[in-house]
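Notes follow the structure.
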Amino acid sequence: MSTVVLPGSFDPFTLGHLDLTRRAAALGHRVIIAVSHNPSKKGLLDLEARTASITGTLVQEDLSGTVEVRTLPQGLLVDFCREVGAQAVVRGLRSQLDLAYEEPMARMNHHLADVDTVFLLTDSAWSHISSSLVREVHALGGDVSDMLPGPSLDALRTAAAVS
Ligand code: PNS
């Protein structure tokens with residue numbers, strides 16, 4: 001079984017992320033979801049809340065046997081891949097815009113350490129969903145309950161209540 005890393009901010013972890021996780025695992029991979037610190041991003045959920053909500057989601061979805069959650073240490077993603085014995089990075093593509101963002105990172109990771117990136121096309125059911133739009137819609141009073149797994153929704157409501 002090969003190991004792949006699914007990195008991201010996951011602020012919050014959406015149903016699109018969950019679909020990607022499920023599909024990567026269904027390809028026969030051990031999947032490590034690597035939650036980044038993203039100090040430069042103005043987010044909502046802290047690292048602990050993001051990690052806990054993903055762990056809760058994996059348990060709920062019966063994925064905790066093949067998928068694990070780790071914090072992505074500050075530093076290079078390829079170093080983390082080496083540390084956990086991962087052969088590749090998995091990322092989702094919703095559109096050409098995503099590809100434009102992903103391509104230089106994928107090329108750089110390959111240049112640095114021969115780490116390949118496997119792209120999965122986001123299912124059209126989720127291709128309009130991004131964590132940033134979910135945060136915005138939620139902050140403006142919109143309903144995001146059909147875009148998030150339960151534990152992410154709970155984390156979002158808790159964070160919004162205390163902020
Ligand atoms: O979900 P995001 O915020 O788009 O995820 C971005 C992430 C975590 C994949 C990206 O920031 C990343 O790979 N960070 C690790 C830093 C790194 O290795 N940079 C140099 C090579 S591109």
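For reference, positions follow the sequence shown, starting with 1. In listed order, ligands and their atoms are each counted from 1.
- For the atom pair CG of Leu156 and NE2 of His138, the computed distance is 4.0 Å after rounding to the nearest 0.5 Å.
- Within the set Gly75, Gly43, Ser9, the minimum heavy-atom distance to atom 16 (C) of ligand 1 is found for Gly75.
- Distances below 4.0 Å separate heavy atoms of Leu76 from the following atoms of ligand 1: 18 (O), 20 (C).
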Going by atom type alone, with no hydrogens or angles, which donor-acceptor pairs under 3.5 Å involve a side-chain atom of residues 124-136 and a protein atom two or more places apart or on another chain?
from: Ser127; atom 1: OG; to: Ser124; atom 2: O; distance (Å): 3.3
from: Ser130; atom 1: OG; to: Ser132; atom 2: OG; distance (Å): 3.3
from: Ser130; atom 1: OG; to: Leu133; atom 2: N; distance (Å): 3.1
from: Ser131; atom 1: OG; to: Pro12; atom 2: O; distance (Å): 2.7
from: Arg135; atom 1: NH1; to: Asp11; atom 2: O; distance (Å): 2.6

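- Atom 9 (C) of ligand 1 is approached by the protein to below 4.0 angstrom, counting heavy atoms only.
- The option from Leu77, Leu112, Val115, Asp79 that lies nearest to atom 15 (C) of ligand 1, judged by heavy atoms, is Leu77.
- In this structure, the separation between OG on Ser152 and CZ on Phe13 is 7.0 Å, given to the nearest 0.5 Å.
- Leu6 pairs by the side-chain contact (heavy atoms from CB on, under 4.5 Å) definition with Phe10, Leu20, Thr21, Val31, Ile33, Val90, not counting sequence neighbours.
- Checked against a 3.5 angstrom limit, the closest N/O atoms of Arg91 and ligand 1 fall inside it.
- With atom 22 (S) of ligand 1 as the reference point, the heavy atom nearest to it among Glu102, His37, Met105 is part of Met105.
- Proximity to Gly8 (heavy-atom distance under 4.0 Å) selects the following atoms of ligand 1: 1 (O), 5 (O).
- Within the model, atoms CG of Leu72 and SG of Cys81 stand 8.5 Å from one another, a figure rounded to the nearest 0.5 Å.
- Heavy-atom contacts of Asn109 reach the following atoms of ligand 1: 21 (C), 22 (S) (cutoff under 4.0 Å).
- Ranking protein heavy atoms by distance to atom 14 (N) of ligand 1, first place goes to Leu72 CD2, 4.5 Å.
- Leu27 and Val5 fall into different hydrophobic clusters, where Ile, Leu, Val, Met, Phe, Trp and Tyr are joined by side-chain heavy atoms under 4.5 Å apart, directly or via other members.
- Under the 4.0 Å distance rule, the nearest protein heavy atom to atom 18 (O) of ligand 1 falls inside the cut-off.
- Close approach of ligand 1 to Tyr101 is summarised as follows: ligand atoms under 4.0 Å from at least one heavy atom of the residue are 4 (O), 6 (C).
- If you run side-chain hydrogen bond (donor to acceptor under 3.5 Å, both in side chains) between Thr3 and each of Arg30, His29, Gln87, only Arg30 comes through.
- From Leu93, atom CG reaches atom CZ of Arg91 across 9.0 Å, with rounding to the nearest 0.5 Å.
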